[in-house]
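Remarks on the structure that follows.
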Amino acid sequence: LASVVESQQFDRPMLEELFEVAREMERITEDGSECKILAGKVMGTLFYEPSTRTRLSFETAMCRLGGKVVSTENAREFSSVAKGETLEDTIRTLEQYVDVVVLRHFQAGSARIAADAASVPLISAGDGPGQHPTQALLDIYTIQKEIGRVDDTKVALVGDLANGRTARSLAYILSKFRNVKLYFVAPDVARINEDIKEHLTECGCEWEEVDNLQSVASEVDVLYQTRIQKERYGDRPEDYEKAQGKFIVDEDLMRLMKQDAVVMHPLPRVGEITPQVDADPRAAYFRQAKNGLYIRMALLATLLKGK
Ligand code: CP
């Protein structure tokens, strides 16, 4: 692996190897063991869009492996991007200082442009409505841990499927597994894009678009809820209003779900899962966020140290 740009870069053997390292990272973190395998390495985080989980879990991962971090959040305002510097020049400069770059950008396709410009590994932390590959890795890791398998599962992707990069990356990576059925549950103004449907059909992966969350709640093993992304509706506020609040996971919906199903969400949430659901053992979203640390530790160790 030179860089991480999209989830479909990962095949099953690569995922199995990464998850084996992630389980070891989980073990040493829980033990409190000291690990210095990335001592002497520096990671640069360059974020053009806000983040809590991705940036802080990457930075924590690097610290826990003995490496160091340099960071600019809000790069549009607090880096020389504000003076008009291009993404490519920013990357070519940052790589003079660091061993790996973690980039979040507002434009789909920017991760590929940055990776092509970089001579050090570049990890996408999300590129606009494009992809969020490391989120998909931690999502698959979470499904495996919570359900015990990824093959032979039914998964509902819910919410803003037109703009949601986490749902896109997850759909692409789920197509690598056997006998997975995907339900897309989205408001009319935020339906899943054609490229995903075409890809799934080509892979022989079963999928269906439905407009009633209640009708699939009792079927699925994983209900993957997502936020309606207000920031992507700048010139269409009326579409945002139509979409927001259409599909809510609440205690009534949880009563319809199987006892061994899980609710996931990449977070942040803004009302689409009610706080009362948090106490339900099937609410896996904060455990999911924690898995992000182990997956990112595993990814950094693999990229910077090899197997
Ligand atoms: N899941 C996720 O990408 O969260 P942040 O935007 O907080 O990083």
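Order of listing sets the numbers, starting from 1, for every ligand and every atom in it. Predicted model, so just to flag it, every value in this text is computed and none were measured. Note that the numbering runs from 1 along the sequence shown for the chain.
Ligand 1 is surrounded by S51, T52, R53, T54, R104, H132, Q135, P266, L267, each with at least one heavy atom closer than 4.0 Å.
Residues satisfying the side chain to side chain contact (heavy atoms under 4.5 Å, CB included) test with S71, not counting sequence neighbours, are T45, R55, E59, V69.
Here the CG-CD distance, from L56 to E73, works out to 8.5 Å after rounding to the nearest 0.5 Å.
With salt bridges taken as basic N to acidic carboxylate O contacts below 4.0 Å, none links E16 and K176.
Residues T52 and P268 fail the side-chain proximity criterion, which asks for heavy atoms closer than 4.5 Å.
Side-chain heavy-atom separations under 4.5 angstrom define the hydrophobic clusters, and the remaining members of the one that includes V277 are V158, Y183, V185, V210, L213, V216, V220, L223, F247, V249, L253, M254, L256, M257, V263, L267, I273, Y285, F286. Residue Y240 belongs to a hydrophobic cluster whose other members are I228, Y233, with links defined by side-chain heavy atoms closer than 4.5 Å.
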